[in-house]
Each structure stands twice: as structure tokens, then as C-alpha cells.
Amino acid sequence: VPDQEKPVLAVDVDGVVSLFDFDEPPEEAGFELVDGVVHCISFASGALLRELIPHFDLIWASGWEDRTIRLTELLDLPTLPYLTFGGTARFGSADWKIGPLQEYAAGRPLAWIDDSFDPSCDAWARSRKEPTLLIRSEPHLGLQSPQVGALVGWARSLEFDADDSYSGA
Ligand SMILES: [Mg+2]
């Protein structure tokens, strides 16, 4: 059951947790076999995602779909829900995530970290009535500490705004 009190955080896998486009193997990462394919998994991203759990309702937003279950073991994460895309997932793009994300996060603030935003994602984010934050990752680095700081700061600013609106000013 999602925690309706917290903003949603949609987390991509390829380019956020599973790294590519690097010249040298990244630090704090390792090659792991997932469903018959070798991926360079950022172990650093696991620790960073754990820092975000108190502040957000996390959901995987990736063509990995049920393969994300393996990531919970590799990254020592609690089981997280994942979106499904009915066969529309395409590597290197993200517009196919918008419909399912809109449905999942309807009426709630949403942050989304991904390496493949295109203008349709930016336009959708601007069109949402609820606070919406897109954070772009670099596929050779994945999730990084400054992005976690930005996300936590954003989540806290929402709490502040909510408290403010109850003050009856
Ligand atoms: Mg990606």
C-alpha cells in the first residue's frame, strides 16, 4: 500500500542504478547477471536510494519491470512496487512512462529520476497541477549524492508548504 502522505519518487533503472556509457568500470559498482544479461550495477545507488525511502514513496519506473525484484537483493532494498508498460518500453527514451506514471501519481507530488527525458516529459511535468520535479542522471554515473540532497530538500519544501497551508493565514 503506497504511503499517500509522501511524494512519489519514480526511479529509472538503466542510467540510474544500472550504469552504461562509461570508459572505465565505475567505482562502487559491479557486474551482475540479471535474467541472463550482465549489467553494471551501482552499489552506491543502493545506499542513496535507502536515504530517500524516509522521504518518498518509491516506485521503479523502468522497462525492467519485474526484473527490479532482483535489484532489491543486489542493493539491499526493501521490496518496492514497479510500473508495467504493456510492451511499450524502449531503451533510451522515457515518453512511454508518462501514462502509467500519471495514473500512479494522480493527485500527488511526484519526483522522477531518469537518464532519458525528452521534451514531452518536460512538457508533461509542467502541465501537472501537483508539484513535479524531474532529475536527469548521467548514465555512466547513475544516482549521485547531490541529486539525493536536491530530492530530500524538495520533499521537505513540500512538507513546509503543507504546514504553511494549515496555519490558516
Ligand atoms: Mg534509463
Side-chain angles (χ1 to χ4, degrees), residues 7-53 55-105 109-128 132-152 154:
V8 174
L9 175 59
V11 183
D12 182 25
V13 175
D14 288 313
V16 176
V17 167
S18 178
L19 309 180
F20 60 95
D21 268 359
F22 44 80
D23 295 326
E24 297 183 6
E27 289 177 24
E28 289 190 79
F31 293 94
E32 300 284 346
L33 196 61
V34 181
D35 202 23
V37 179
V38 174
H39 296 273
C40 181
I41 301 298
S42 163
F43 300 120
S45 75
L48 293 170
L49 287 172
R50 282 196 297 277
E51 287 182 35
L52 290 165
I53 286 172
H55 304 279
F56 288 93
D57 176 18
L58 272 68
I59 184 164
W60 297 113
S62 164
W64 277 51
E65 300 186 346
D66 63 354
R67 284 177 293 152
T68 57
I69 294 166
R70 178 85 176 101
L71 294 175
T72 60
E73 301 164 22
L74 291 171
L75 299 178
D76 191 20
L77 291 170
T79 304
L80 301 174
Y82 56 86
L83 294 175
T84 56
F85 302 98
T88 61
R90 283 173 294 113
F91 182 82
S93 61
D95 53 305
W96 43 275
K97 300 180 184 179
I98 292 174
L101 263 181
Q102 174 63 39
E103 196 171 324
Y104 184 81
L110 166 73
W112 176 11
I113 181 157
D114 205 295
D115 66 318
S116 297
F117 292 124
D118 64 29
S120 72
C121 301
D122 296 318
W124 173 67
R126 280 195 302 273
S127 75
R128 291 188 84 233
T132 304
L133 176 69
L134 304 189
I135 300 253
R136 184 184 297 270
S137 64
E138 295 292 332
H140 64 290
L141 297 173
L143 182 62
Q144 296 282 295
S145 188
Q147 295 165 332
V148 171
L151 285 163
V152 171
W154 183 78

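Values reported hereafter were calculated over all heavy atoms of this structure, with side chains retained and with hydrogens, waters and symmetry mates removed. For ligands, and for the atoms within them, numbers begin at 1 and follow the listed sequence.
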Within the stated cut-off of 2.8 Å, is an N/O/S atom of Asp114 closer than that to the Mg ion (ligand 1)?
no
Is the shortest heavy-atom distance from the side chain of Leu71 to the side chain of Trp60 under 4.5 Å?
yes
Give a yes or no on whether Glu103 atom CD has more than 12 heavy-atom contacts from other residues, nucleotides or ligands under 6.0 Å away.
no
The Mg ion (ligand 1) is nearest to which N, O or S atom of Asp115?
OD1
Tell me if the CD atom of Gln102 is crowded by more than 12 foreign heavy atoms within 6.0 Å.
yes
Between Pro25 and Phe31, the two heavy atoms sitting closest are CB-CE1, 4.3 Å
How wide is the angle at the Mg ion (ligand 1) between OD2 in Asp12 and O in Asp14, to the nearest 10°?
90°
